[in-house]
2 protein chains.
Amino acid sequence: MNIVQNNVHDYEEKAELLKALAHPVRLCIVDGLLQNECNVTKIRECLELPQSTVSQHLSILKSRGIIKGRRRGTEICYTVSNELVRELMKILTGKNVHIQGPEGKK
Amino acid sequence: MNIVQNNVHDYEEKAELLKALAHPVRLCIVDGLLQNECNVTKIRECLELPQSTVSQHLSILKSRGIIKGRRRGTEICYTVSNELVRELMKILTGKNVHIQGPEGKK
DNA sequence: CTTTAAAATCGTAATATACAAATATAAAAA
DNA sequence: TTTTTATATTTGTATATTACGATTTTAAAG
């Protein structure tokens, strides 16, 4: 009876969130921002990518509500603003985790 | 303090995993399979998509090690085979993972 | 006002992805 | 064997994503 009866439509929003995270540069940025908020120039220097490329990745993350930036003079300082993403990253990167259900599968 | 000093390369594998999940149909399939293993025909009927389309999505999930199928006669029965993905889905869907859950969520 | 620094946006070529029809394969049934 | 059922793979094509230089915007400083 209850198979994959879920409505595909219900997953569109979540798929959008994952899609925004599903790029090595963006994952790296998010993981970095989880440890320290940071402006674009620093990110650019660390990743050794053109400014416009970094800015576009930030724009994608921002448009999905994953990060937000606040202006500080001429810089813009980014931080992770999404609690769900924080949790996902914890699981994904294995940092700070407590996984492993009661019945170990090993 | 330390910035985004992480190596982008380290995130490629994880990005691949997320990319495989980052599609509404595939999310729906994975979430469905977390509750019940299922063959392709059932999935196809539930999603009302052409067989080839479903098969291609399954193929992507399989190639990333997210699901695995075992043959049962002429059918192939799929299940979620990746513990990390189970954890991610728990966070993402807000469900506390339970086998069963009778037609509750209408 | 003009200049400078930081960041965003635009234009576009290269690449990747999604989809469905057609075709292929594998196992069971006849 | 031949046929049938279930699933996989191939193929063509439309659409989306990505990367990056060039340009533009924004805000502070002179």
Side-chain angles (χ1 to χ4, degrees), chain A residues 3-4 8-9 11-30 32-33 37-79 81, chain B residues 3-4 8-9 11-30 32-33 37-79 81:
Chain A
I3 315 298
V4 187
V8 177
H9 186 68
Y11 293 93
E12 269 158 20
E13 204 180 327
K14 280 152 188 172
E16 285 301 306
L17 188 78
L18 292 182
K19 209 157 57 167
L21 288 175
H23 186 290
V25 167
R26 293 198 290 269
L27 263 187
C28 188
I29 290 173
V30 170
L33 290 180
E37 61 174 29
C38 196
N39 65 26
V40 180
T41 299
K42 270 186 188 165
I43 295 172
R44 186 180 68 65
E45 286 167 1
C46 292
L47 300 180
E48 298 179 296
L49 287 172
Q51 178 264 322
S52 67
T53 301
V54 172
S55 215
Q56 278 174 123
H57 284 303
L58 290 171
S59 167
I60 288 169
L61 291 169
K62 199 167 31 172
S63 75
R64 304 292 206 272
I66 294 172
I67 65 177
K68 68 174 203 286
R70 77 173 209 289
R71 242 201 153 97
R72 221 172 40 186
T74 169
E75 300 177 351
I76 294 178
C77 205
Y78 284 97
T79 52
S81 58
Chain B
I3 325 293
V4 186
V8 177
H9 185 68
Y11 292 93
E12 269 158 20
E13 202 180 328
K14 279 152 188 174
E16 285 300 306
L17 187 77
L18 291 183
K19 212 155 56 165
L21 287 175
H23 186 290
V25 167
R26 293 197 292 270
L27 263 188
C28 188
I29 290 173
V30 170
L33 290 180
E37 61 174 31
C38 196
N39 65 26
V40 180
T41 299
K42 269 184 188 167
I43 295 172
R44 188 181 67 64
E45 286 167 359
C46 291
L47 299 180
E48 296 179 297
L49 287 172
Q51 179 264 323
S52 68
T53 301
V54 171
S55 215
Q56 280 170 86
H57 284 303
L58 290 171
S59 167
I60 289 169
L61 292 169
K62 201 167 29 174
S63 75
R64 303 295 206 272
I66 294 171
I67 64 175
K68 67 176 202 291
R70 77 173 209 290
R71 247 209 146 91
R72 220 172 41 185
T74 170
E75 299 176 351
I76 295 178
C77 206
Y78 283 97
T79 52
S81 59

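- Nearest nucleotide to the A:Arg26 side chain, out of C:dA20, D:dG21, D:dT18: D:dT18.
- Distance B:Ile60 CD1 to C:dA18 C1': 8 Å, rounded to the nearest Å.
- B:Thr79 places a side-chain heavy atom less than 4.5 Å from the side chain of B:Lys68.
- At whole-Å resolution of the value, CG in A:Leu21 and C1' in D:dT17 are 16 Å apart.
- Between the side chain of A:Thr41 and the base of C:dA6, no donor-acceptor pair under 3.5 Å is found.
- Residue A:Arg44 places none of its side-chain N or O atoms closer than 4.0 Å to OP1 or OP2 of C:dA6.
- For A:Pro50, taking side-chain heavy atoms from C-beta onward, the closest of the listed nucleotides D:dT9, D:dG21, C:dA8 is D:dG21.
- Below the 3.5 angstrom threshold, one finds a donor paired with an acceptor across the side chain of B:Gln56 and the base of C:dA20.
- Considering only side-chain N and O atoms, A:His57 lies nowhere under 4.0 angstrom from the phosphate OP1 or OP2 of D:dT18.
- Nucleotide D:dT7 holds its C1' atom 16 Å from the NZ atom of B:Lys42, rounded to whole Å.
- The shortest heavy-atom contact between A:Arg26 and A:Lys19 is NH2-O, 3.4 Å.
- The local environment of CD in A:Glu13 is sparse, with at most 12 non-hydrogen atoms from other residues, nucleotides or ligands closer than 6.0 Å.
- The distance from atom CD1 of B:Ile76 to atom P of D:dA6 is 12 Å, rounded to the nearest whole Å.
- Among the protein residues, B:Arg72 comes within range of no part of the nucleic acid, since none of its heavy atoms lies under 4.0 Å from any strand.
- C:dA18 atom C1' lies 15 Å from atom CG of B:Leu58, rounded to whole Å.
- With DNA chain D read from its 5' end, the first of the two nearest nucleotides for B:Lys19 and B:Val40 is the one closest to B:Val40.
- A:Leu61 places its CG atom 14 Å from the P atom of D:dT17, with the value rounded to the nearest Å.
- Proximity of A:Ile43 to A:Leu58: side-chain heavy atoms (C-beta onward) are separated by under 4.5 Å at one or more points.
- B:Leu27 is listed as a side-chain neighbour of A:Leu18, based on a closest heavy-atom distance under 4.5 Å.
- If you take CD1 of A:Ile29 and P of D:dA19, they are 10 Å apart, rounded to a whole angstrom.
- If you check distances only, the side chain of B:Gln51 never reaches the base of D:dA6 with a donor-acceptor pair under 3.5 Å.
- One finds no side-chain N or O of B:Tyr78 lying less than 4.0 angstrom from the OP1 or OP2 phosphate oxygen of D:dA6.
- Residue B:Thr53 places at least one side-chain N or O under 4.0 Å from the OP1 or OP2 atom of C:dA20.
- Of the residues near DNA chain D, B:Ser59 and B:Thr74, the one whose nearest nucleotide (by heavy atom distance) lies more toward the 5' end is B:Thr74.
- Checking the phosphate oxygens (OP1, OP2) of C:dC19, a side-chain nitrogen or oxygen of B:His23 falls inside 4.0 Å.
- Salt bridge absent: B:Lys42 and B:Glu45 never bring a charged side-chain N and a carboxylate O closer than 4.0 Å.
- Distance CD (A:Glu48) to P (D:dC20): 12 Å, rounded to an integer number of Å.
- Picking from C:dA26, D:dC20, C:dA20 the nucleotide with the shortest atom distance to the side chain of A:Leu49 gives D:dC20.
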